[in-house]
Amino acid sequence: MKTHIDRLWLTSDFLFLTGLAFALFLGSKATPLLAVAGVLPIPFLLHAFKNKHYHVSIWTLFLPFGIYFAYSLFALFFFTGLDASDPRPVNPSLESYAIAIGMLAVGLVRSLQVKNLAPLFRSWMPWLLVACFAVLSYMMFAGIRDACRVRGLAPWPFIPALLFSTLTFICLVGWERLGNRERWLRLGLLALSIVVSTTYTGSRGVAVAQVGVFGVLMLLSFLPSLSKGIPRWYHLATAAIAGATVSALIGIATDCGPASRFSSTFEALGTLTSQLTTGGEETASTQPEPTTAQIPQAPEPAVAPTPETNQSTEVTNDYAIGHRLAMWKASIAAIKQSPVFGHGSLFLQKLIHSTYGYEHNHNQYLTWLVTGGVLQLTLGLIFLAIPWFVSKGLSTADRILLTTGVSLFWGMAMMFDSFLNLKFYTHYFCLLCGVLYALSNSMQDEASK
């Protein structure tokens, strides 16, 4: 028979998962809920660790996390890339890294204290996401949005798009053991995630990452060894078609369809392709004769000058795309000058912020290469792969679903935004890594019973 303590424990567990989900439209304003349900119960539930067996070594989490943040902290103090007189950016900072470490600790310790985390996550998280979609829908139709983009209380519309899809993909783990109703609920969430990314938030980078994950899972579903452990291709196709159809209908109803934001993306791609094709032909036709004397070029400066922002209009009139292209061009030029160790942890202050006004260059891989070179890129990829490491012991299908739905999804989305150089995304990913470690252990506990 359940006591009042058991009921209070279960309530705090449910509220912790609620904070994990509701952060997608609350952003950092979910902190009070996570503090009450995630931090406050920790000292009162320490007995939950007594005689507890862990199937996954804690080092599968601590090693990749520790190496990445140890180097980041070292570079923050000893390899900034700025002169003493240069202004320091707000982010990254010691405070940001300290909070990230704290979020990992909270996510890890509190998740390990949750009673039967895997069954609780499996039964409650899909319905929490349905509730989140209902909130986002109300905001969309009530006009509580920035133009055509819903963000709720979060600072950026990318947050609802990225987090909703991430949690939806995690809900697919354990697919082979789900009943038909549970499977169709998750396929419905996949369709709704398309609506959130394309119509509610207009998050093009997240939408591209969704297409990539759907494509990878479709290809893997044809493998005989994985056919039962992941959704079949027709499941994914049904979800994709349903999501696209609902997106189009909502677009017609609100005059905020995906076409209004995604058309400029296709136009830019077409212009770039045309320029590359014609550029190659012009170069070949105007190639100088071999006997023509060549004037030696002056050596490049230590930092290549960034292009003027108005040059981006040669490719597209879309402000966001144009600035990204200009920043990527400046970043690539800087990477060529110091490819191994980069220019320093705060160098984007000089390269990007002083010219374009952004904290980062909207590409996580270029950010890593500019600031820390190939070394930091390698450490960053290892950090991003934590879901694969902590899922050791699960079936191959479940490990692939977890890694594809988190690491690959975030990795593809970060081709267009430097999420791990922004506070909220970094902190949430660290919190999530702790939760995934506990979830993996709980799933293996459940399987061993």
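Keep in mind that the numbers below use all heavy atoms, side chains included, and drop hydrogens, waters and symmetry copies.
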Q) Which class fits the ring pair His343 and Phe347: parallel under 30°, tilted 30 to 60°, perpendicular over 60°? A) parallel
Q) Does the distance from a Lys or Arg side-chain N to an Asp or Glu carboxylate O, for Lys350 and Asp83, drop under 4.0 Å? A) yes
**Q.** Residues forming a side chain to side chain contact (heavy atoms under 4.5 Å, CB included) with Arg181, sequence neighbours excluded
**A.** none
Q | Minimum-distance pair of heavy atoms, taken over all atoms of Gln113 and Leu46 | A | NE2-N, 3.8 Å
**Q.** Closest non-hydrogen atom pair between Leu187 and Ala239, with its separation
**A.** O-CB, 3.6 Å
Q) Hey, mind stepping through Ser440 and Gln444 against side-chain hydrogen bond (donor to acceptor under 3.5 Å, both in side chains) and telling me if it holds? A) CA-CA 6 Å; Ser440 175; Gln444 294 180 58; 3.2 Å; yes
Q.
One thing to verify: whether Asp417 and Arg324 come together as a salt bridge, which I'm taking to mean a side-chain N less than 4.0 angstrom from a carboxylate O.
A. yes
Q. Under 3.5 Å, side chain of His360 to main-chain N/O of Thr367, donor-acceptor pair present?
A. no
Q.
Ring centres under 6.0 Å, that's the criterion: do Phe25 and Phe22 meet it?
A. yes
Q | Minimum heavy-atom distance between Leu40 and Phe44, given as atom pair plus value | A | O-CD1, 3.3 Å
Q. Trp59 vs Phe62 aromatic rings, parallel, tilted or perpendicular, using cut-offs 30° and 60°?
A. perpendicular
Q. Does some side-chain heavy atom of Ile382 sit less than 4.5 Å from a side-chain heavy atom of Ile67?
A. no
Q.
Looking at Ser111 and Leu108, would you say the former's side chain and the latter's main chain have a donor-acceptor pair under 3.5 Å?
A. no
Q) Is a side-chain donor or acceptor of Tyr437 paired with a backbone partner of Phe389 at a separation under 3.5 angstrom? A) no
Q | Distance-only polar pair, side chains of Ser12 and Arg110, donor-acceptor under 3.5 Å | A | yes
Q) Between the main-chain N or O of Leu120 and the side-chain N or O of Ser123, is there a donor-acceptor pair closer than 3.5 Å? A) yes
Q: Using side chain to side chain contact (heavy atoms under 4.5 Å, CB included) as the criterion, list what pairs up with Arg151, not counting sequence neighbours.
A: Asp146, Pro157
Q. For Leu20, does its backbone N or O pair with a side-chain atom of Tyr428 as donor and acceptor, under 3.5 Å?
A. yes
Q.
Just to verify, what does Pro119 make a side chain to side chain contact (heavy atoms under 4.5 Å, CB included) with, not counting sequence neighbours?
A. Asn116, Arg122, Ser442, Glu446
(Q) Donor-acceptor check, side chain of Thr60 to backbone of Ser57, threshold 3.5 angstrom: yes or no? (A) yes
Q. Using the ring of each side chain (for Trp, its six-membered ring), is Phe416 parallel, tilted or perpendicular to Trp328, with breaks at 30° and 60°?
A. tilted
Q | Side-chain heavy-atom pair Asp398, Trp175 within 4.5 angstrom cut-off | A | no
Q | 4.5 Å side-chain heavy-atom contact, Cys433 and Phe65 | A | no
Please report, to 0.1 Å, the donor-acceptor pairs under 3.5 Å made by any side chain of residues 162-170, with sequence neighbours excluded.
from: Ser165; atom 1: OG; to: Ala161; atom 2: O; distance (Å): 3.3
from: Ser165; atom 1: OG; to: Gln210; atom 2: NE2; distance (Å): 2.8
from: Thr166; atom 1: OG1; to: Leu162; atom 2: O; distance (Å): 2.7
from: Thr166; atom 1: OG1; to: Trp410; atom 2: NE1; distance (Å): 3.0
from: Thr168; atom 1: OG1; to: Phe164; atom 2: O; distance (Å): 2.8

Q.
I need the minimum non-hydrogen distance between Leu104 and Gly434, along with the two atoms involved.
A. CD1-N, 3.9 Å
Q: Ignoring hydrogens and angles, state whether a donor on the side chain of Ser331 or Asn361 is under 3.5 Å from an acceptor on the partner side chain.
A: yes
Q: Give the ring-plane orientation class for Phe419 versus Tyr425, where under 30° counts as parallel, over 60° as perpendicular and anything between as tilted.
A: tilted
Q. Excluding sequence neighbours, so at least two apart, what forms side chain to side chain contact (heavy atoms under 4.5 Å, CB included) with Met140?
A. Arg145, Val150, Thr199, Tyr200, Thr254, Cys256
Q) Would you call the rings of His55 and His53 parallel, tilted or perpendicular if under 30° counts as parallel and over 60° as perpendicular? A) perpendicular
Q) With distance as the sole test, does Thr426 use its side chain to make a donor-acceptor pair with the main-chain N or O of Leu422 at under 3.5 Å? A) yes
Q. Got a donor-acceptor contact below 3.5 angstrom from the Arg88 side chain to the Asp86 backbone?
A. yes
Q) Leu346 and Leu76: side chain to side chain contact (heavy atoms under 4.5 Å, CB included), yes or no, with the steps? A) CA-CA 7 Å; Leu346 306 181; Leu76 180 66; 4.0 Å; yes
Q.
For Leu112, is there any backbone N or O sitting under 3.5 Å from a side-chain donor or acceptor partner on Asn441?
A. no
**Q.** Nearest-0.5 Å distance, CZ of residue Phe14 to CH2 of residue Trp124
**A.** 5.0 Å
Q) For Arg232, what residues pass the salt bridge (Lys or Arg N to Asp or Glu O under 4.0 Å) criterion, not counting sequence neighbours? A) none
Q. At their closest point, which heavy atom of Lys29 faces which heavy atom of Leu153, and how far apart are they?
A. NZ-O, 3.5 Å
Q | Heavy-atom side-chain contact between Ser193 and Leu129 under 4.5 Å | A | no
(Q) Minimum heavy-atom separation for Gly229 and Leu401, please, with both atom names. (A) O-CD1, 3.5 Å
